[in-house]
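I have placed the structure first, in the form of structure tokens, so that the comments after it can refer back to it.
All of these numbers come straight from a predicted model, not from anything done at the bench.
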Amino acid sequence: MKGRFAIVKKFPIFAIISLILMAPGLVGLVTLPFGMNLFNMDVDFVGGTSMTFDIHEEVTSELSGSTIPDLVEQATGVAPSSVQKTGDNGEQVLIKCTKLDSEQQAAVIDAMQQEFGITDDDTQNIADVNATIGKEMQGTAIMAAIVAVVLMLIYITIRFELTSGLAAVTCLAHDLLVVLSAYIVFQIPFNTTFIAVALTILGYSINASIIVFDRVRENRKYARRELFEDTVEKSLWQTVGRTINTSITTLLTVGMIFIFGVTSLRQFTLPMIIGIVAGAYSSLFLAGPLWAKYRGMLRQNRRDKARAKVQSTKTKAAPTLEPKAEPVVVSEGEAEPAVEAPAEKKVVTPKKVSRKKRKKH
């Protein structure tokens, strides 16, 4: 469309930007099986110690964000992975650390009693979290994500076509890798909340992509002779306002939770915000162009196969040429083969008939 930025034609630019954003998350996933952990794994996945205290006052963001973490680090020499506000009245605090021995646990209890004037009865729970439970959670999360993606692919393929489903799944992988990059860059504790974040982002991103796909299908009904890339371009500009407005309204709600929430909520809402932005970006700049590219590749493959089939049929049906007579090579000392002279044609001359015989006839 004239006067507007060509989104489909500029797809390589957006692809490069996406690769840069996905790089940390992709590297983190690839290196994880080789023992190189770039994530800030919480005790939910790697095991550790969780301690719950009732401090008889509201656990503010300042207490959970700086006061209590500094207290635990001074007592044990280990920074806690997370400090969360719990309980019905908001006066309980849950501290999660890597594995602490009995002396370190006693040091944390003494530090909390001196700081908040609590007693032994206010130490509600001290438990060691087994890493095996974390591995089971990882397996459950991966299986849930795979099942969700497969079901989405089937649904989009039935509603639209296979190439649009492949484009949507590619965008989902892009959004999840961008969120994983955020976990690595900002060192957000990687715990069970990631499962909720990932599944939420999957649902949000696929919804934004379907809006674009649906508009492409509607425009395609009335523009059969138009290039598919042009139809996608027009559809993207028709849905850009809706996508941006939906993203902004969602970000306002999540952003308020991030600003006014406690540390544990911020650790949940920050990757959510990044995932929402990534989902809007992929639906606008990746989903449509990828559909057009996958569709063109599939059709080109079909054309190549059709050409090869026609060429094979022509080759089989072509008449075989009679072999030319090979020249006879005569070596020195050998007699040349006798060549038969062509037979002379006998010329038959008509007999002359006398006039007397003509008269008899």
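Put simply, the side chain of Leu180 reaches to within 4.5 Å of the side chain of Phe190, judged on heavy atoms. Side-chain atoms of Ile206 and Leu172, non-hydrogen and from C-beta on, do get closer than 4.5 Å to each other. Using a 4.5 Å heavy-atom threshold, the side chains of Phe285 and Ile13 count as separate. Proximity of Val169 to Ile156: side-chain heavy atoms (C-beta onward) are nowhere separated by under 4.5 Å. Between Ile126 and Leu100, every side-chain heavy-atom pair lies at or beyond the 4.5 Å cut-off. Contact annotation: the side chain of Lys9 never approaches that of Glu233 to less than 4.5 Å [non-hydrogen atoms, C-beta and beyond]. With a 4.5 Å cut-off on side-chain heavy atoms, Met272 and Ile257 do not count as touching. Counting heavy atoms from C-beta on, the side chains of Ile188 and Phe194 never come closer than 4.5 Å.
Put simply, the side chain of Glu73 never gets that close to the backbone of Asp70: no donor and acceptor are under 3.5 Å apart. Side-chain N or O atoms of Ser181 include one that pairs as donor or acceptor with a backbone N or O of Gly25 at under 3.5 Å. Arg217 places a side-chain N or O within 3.5 Å of a backbone atom of Arg159 that can act as its donor or acceptor partner. In this structure, the side chain of Gln114 does not engage the main chain of Ile109 through any donor-acceptor pair within 3.5 Å. Although no hydrogens or angles enter the test, the distance criterion places no donor-acceptor pair under 3.5 Å between the side chain of Thr193 and the main chain of Phe268.
Remark: Lys96 NZ is packed, more than 12 non-hydrogen atoms of other residues, nucleotides or ligands lying under 6.0 Å away. In the displayed structure, Arg220 atom CZ is contacted under 6.0 Å by more than 12 heavy atoms of other residues, nucleotides or ligands. Counting non-hydrogen atoms of neighbouring residues, nucleotides and ligands closer than 6.0 angstrom, the CD atom of Gln311 reaches no more than 12 such neighbours. Annotation for Arg299: atom CZ does not count as buried by contact number, only 12 or fewer foreign heavy atoms lying within 6.0 Å. Atom CE of Met256 is surrounded by more than 12 heavy atoms from other residues, nucleotides or ligands within 6.0 Å.
Heavy-atom minimum distance, Val93 versus Thr86: N-OG1, 4.0 Å. Between Thr200 and Ala196, the shortest heavy-atom distance links the atoms OG1-O, 2.6 Å. What you find for Asp42 and Pro189 is that their closest heavy atoms are OD2-CB, 4.2 Å. Residues Gly279 and Ser282 share a closest heavy-atom pair of O-OG, 3.0 Å. Taking each heavy atom of Pro24 and Ile184 in turn, the nearest pair found is O-CD1, 3.2 Å. In terms of heavy-atom proximity, Ser81 sits nearest to Gln267 at O-NE2, 4.3 Å.
Screening Val108, Val72, Thr49, Thr98 against Val78 for a side-chain contact (heavy atoms from CB on, under 4.5 Å) leaves a single residue, Thr98. For the side-chain contact (heavy atoms from CB on, under 4.5 Å) with Gln105, the lone residue among Thr76, Thr123, Asp110, Asp128 that qualifies is Asp128.
A donor and an acceptor atom, one from each side chain of Gln113 and Asp120, are located under 3.5 Å apart. Side-chain N/O atoms of Thr231 and Asn219 include no donor and acceptor closer than 3.5 Å. Judged by distance alone, the side chains of Thr60 and Glu62 never bring a donor and an acceptor atom under 3.5 Å apart.
Rounded to the nearest 0.5 angstrom, Ser205 OG and Tyr281 OH are separated by 13.0 Å. Atom CD1 of residue Ile244 and atom OG1 of residue Thr239 lie 9.5 Å apart, to the nearest 0.5 angstrom. Taken from CG in Leu284 to CZ in Arg242, the straight-line distance is 12.5 Å, to the nearest 0.5 Å. The OG atom of Ser64 lies 11.5 Å from the CG atom of Leu94; values are rounded to the nearest 0.5 Å. Rounded to the nearest 0.5 Å, atoms CZ (Phe53) and CZ (Phe116) are 10.0 Å apart. Expressed to the nearest 0.5 Å, how far CZ of Arg266 lies from CZ of Phe260 amounts to 10.0 Å.
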Determine, stepwise, if the pair Val212 / Trp291 fulfils side chain to side chain contact (heavy atoms under 4.5 Å, CB included). CA-CA 11 Å; Val212 177; Trp291 185 9; over 6 Å; no
Where do Val59 and Gln92 land on the side chain to side chain contact (heavy atoms under 4.5 Å, CB included) test, with the steps shown first? CA-CA 7 Å; Val59 180; Gln92 287 79 35; over 6 Å; no
Apply salt bridge (charged side-chain N to carboxylate O under 4.0 Å, His left out) to residues Glu58 and Lys85 and explain how you reach the verdict. CA-CA 9 Å; Glu58 184 180 358; Lys85 175 182 179 180; 3.4 Å; yes
Val277 and Val178: side chain to side chain contact (heavy atoms under 4.5 Å, CB included), yes or no, with the steps? CA-CA 10 Å; Val277 174; Val178 171; over 6 Å; no
Would Leu199 and Leu202 count as a side chain to side chain contact (heavy atoms under 4.5 Å, CB included) here? Give the steps. CA-CA 5 Å; Leu199 295 179; Leu202 287 178; 4.1 Å; yes
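Neither Val232 nor Leu298 shares a network with the other; the hydrophobic side chains, linked directly or stepwise wherever heavy atoms of I, L, V, M, F, W or Y lie under 4.5 Å apart, form separate groups for each. Under a hydrophobic clustering in which Ile, Leu, Val, Met, Phe, Trp and Tyr are joined whenever their side-chain heavy atoms come within less than 4.5 Å, directly or via other members, Phe213 and Leu166 fall into the same cluster. Cluster annotation: Val216 and Leu227 are assigned to distinct hydrophobic clusters (Ile/Leu/Val/Met/Phe/Trp/Tyr, side-chain heavy-atom contacts under 4.5 Å, transitive). Under the 4.5 Å side-chain contact rule for hydrophobic residues, Val8 and Ile211 do not share a cluster. By the rule that hydrophobic residues join a cluster once side-chain heavy atoms approach within less than 4.5 Å of another member, Met41 and Met36 end up as members of one cluster.
When ring centroids are compared, Phe39 and Tyr183 stay outside the 6.0 Å threshold.
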